[in-house]
Number of protein chains: 2
Amino acid sequence: MVSSSGPDSARRVTIHDVARSAGVSRQTVSRALNGKDEIERSTKQRVLDAARELGYRPSRFARGLVRQDTTTIGLVIPDLRNPFFTEVAASALECARARGWHVVVYDTADRPAEELGTLQVIGSQVDGVVGYFSCAEDELDRYTRGMPLVLIGREHRMARFSSIRIDGQEGVREAVAHLVAKGHTMIGMLDHDNRAEPSLRREWFTAAALGHGIDPGRVAGAEQSADGGGAGLRALLAAHPEITAVFTFNDIVAVGALREARRLGRSVPADLAVIGFDGLQLGALMEPPLSSVALDTHRLGSLAVEQVGRLLTGADPLPPEDLEVRAVLRPAGSS
Amino acid sequence: MVSSSGPDSARRVTIHDVARSAGVSRQTVSRALNGKDEIERSTKQRVLDAARELGYRPSRFARGLVRQDTTTIGLVIPDLRNPFFTEVAASALECARARGWHVVVYDTADRPAEELGTLQVIGSQVDGVVGYFSCAEDELDRYTRGMPLVLIGREHRMARFSSIRIDGQEGVREAVAHLVAKGHTMIGMLDHDNRAEPSLRREWFTAAALGHGIDPGRVAGAEQSADGGGAGLRALLAAHPEITAVFTFNDIVAVGALREARRLGRSVPADLAVIGFDGLQLGALMEPPLSSVALDTHRLGSLAVEQVGRLLTGADPLPPEDLEVRAVLRPAGSS
DNA sequence: TTGAAAGCGGTACCAA
DNA sequence: TTGGTACCGCTTTCAA
């Protein structure tokens, strides 16, 4: 039975309380708890009992303060439920774990407005940040105040930052060439919808299409989800009924388009060829399996963690040419 | 140009260094950095410049030590790439964010051996833990030393722990009844494969099958992945070719079974009905859409976070009867 | 508006 | 084997 002394204030139980309760000094408590040798069995037991009795738990801050060894990195992603980010996150976790680092994950729920709030909050919780951001660089700068930051899938200008480039130019070219080889000339695209500027992927698509003398203007926006892909495909086909093939911003959207095509009675790939982007494992489960301009998500996550680690420790950062992930076409049943 | 004083030791830049560099006291630096009012503009700017120059970043430990407000919870899951855990994790993140808490995610890579190591490491990094564990309770106890721990999908005996129960009994009964109503009498199951003891889900299946006078013995094990589901289905059909319907341990396995059935030339649901467990969003993308005994993963994640929060703050914990998530049958095209 | 001093809760290094 | 003391880096009184 623990007799609570005084009014039961919710004060934190400190090492001091345990020491007093066990009738020893704080250092002895520390020794007992950390399994040091220089302590008598009986004393140790007494301390351990007292600690348990009082429900004592060492403060991670106090501990971290004195032995400054733990590294924690923040991972910021727009939507953990999107399998692409899941894969990146899983790789990042894996890579961090191998180094004994901790990862705090923040999901901005696809709301760019959340990014800055997250950064602010993250600031005092992690040693470095890795992730996807859509806000302006000077804002990132203001909210990270000197903390290493590695951007994924986005260029950076400020020297303080680092970024992992996604180079899909060649992969998208392959995709379009592949479609052309199959006889397609009316190729549409389902792009991003929530940004003012057209996506890089769209630029790649445009360049590739023009290279084959194909009109790159058959584009519709789609929300980043399977349902969004379905709706997008309907809109695209309504505007451009002549389309026989479609390239999408990513696999999730492609999967939705695939399903929608089926609902519209168009068989894939006979009536409509579909090629996604990302190369998610999910694509292989579809019927037909999804063709995709595939990214090595594992490499993406690892590179980001590796780089933030180097920035953190002051080691030589990886040179820009190594900080790049190339996408390659992985053709499958859908095209 | 920053002239590094002395040999360039990688010592940490502290508030003291900034203070000296700016010619003010530490407190003034603190004020400037934390945007307090009681400071002259010019002083503030000078301090900020010095801080930037030196690449100063406040220690999160020192800061946390003095203003003890941040709460961090650890989320331990076997495999972030498994969409079920992704959904749980996403919900937990969401719920934690709403409370201003941070979540450190640990992926044990499906290796039970990693659990204890993770717990040990986690111990000094978080205030409470939520997650999936397969190791024995006394081990959990030993490695968490007084830290609140909420187990998901697993019973607990020790009073220190709390757990979120998954009750699928009724849902599985519905599933079997549904299959029986469709005329199936030869119903198999693809169970877990990596545990000695049969799963709870299998027990539910057995009870439900017996309730309809159906032989519950047509069971094969499957690895927790789509490929595992495929292989499992082959094994199951080889041993019991008479089977016309199959219930699986979870949706991932079901998805693999679905794909394998197609490859074997069995059409679903005509030749083989398939019902999964979990109710993943993924199931809706399949062709045909997957029937599933669905769990409210969102509730699962939220409950766990809510409960660990109560344990943490000393608020009244939720009573056991509220800590339960019931599964219900969500029939779709595959059955 | 600024600075001095006192902790926050631990651990490490000594001396006892 | 133990305890005293000096920090770890920062914020919060309280005086100046």
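Letters go in sequence order (proteins before strands), and every chain restarts at 1.
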Distance test, side-chain N/O of [X] to OP1/OP2 of [N], below 4.0 Å:
X        : N       : result
Arg26(A) : dG3(D)  : no
Thr14(A) : dC8(C)  : no
Ser59(A) : dG10(C) : no
Arg31(A) : dT2(D)  : no
Ser25(B) : dT2(C)  : no
Ser30(B) : dT11(D) : yes

Could you state the [atom1]-[atom2] distance from [X] to [N], rounded to the nearest angstrom?
X        : N       : atom1 : atom2 : answer
Ile15(A) : dG7(C)  : CD1   : P     : 18 Å
Arg63(A) : dG10(C) : CZ    : P     : 8 Å
His16(B) : dA5(C)  : NE2   : P     : 14 Å
Leu65(A) : dT11(C) : CG    : C1'   : 10 Å
Asn34(A) : dG9(C)  : CG    : P     : 17 Å
Arg41(A) : dT2(D)  : CZ    : P     : 13 Å
Arg20(A) : dG3(D)  : CZ    : C1'   : 17 Å
Arg60(B) : dC8(D)  : CZ    : C1'   : 14 Å

Taking side chain to side chain donor-acceptor pair (under 3.5 Å) as the definition, give me every residue that meets it alongside Ser302(B), ordered by chain and number, with sequence neighbours left out. none
Heavy-atom side-chain proximity of Leu300(A) to Ile166(A) below 4.5 angstrom: yes
Which nucleotide in the set [options] lies at the smallest distance from any side-chain heavy atom of [X]?
X        : options                  : answer
Val66(B) : dT1(D), dC10(D), dG10(C) : dC10(D)
Gln27(A) : dG9(D), dT11(C), dT2(C)  : dT11(C)
Pro58(B) : dT1(D), dT2(C), dC10(D)  : dC10(D)

Looking at Glu40(A) and Lys44(A), is there a salt bridge between them, counting it only when a charged N and a carboxylate O are closer than 4.0 Å? no
Does this structure show an ion pair linking Arg81(A) with Asp107(A), if we count only N-O contacts that are shorter than 4.0 Å? no
Scan Val24(B) against the nucleic acid and name what it touches under 4.0 Å (heavy atoms): base, sugar-phosphate only, or nothing. sugar-phosphate
Run Glu115(B) and Ser134(B) through side-chain hydrogen bond (donor to acceptor under 3.5 Å, both in side chains) and show every step you take. CA-CA 8 Å; Glu115(B) 292 179 11; Ser134(B) 57; 2.8 Å; yes
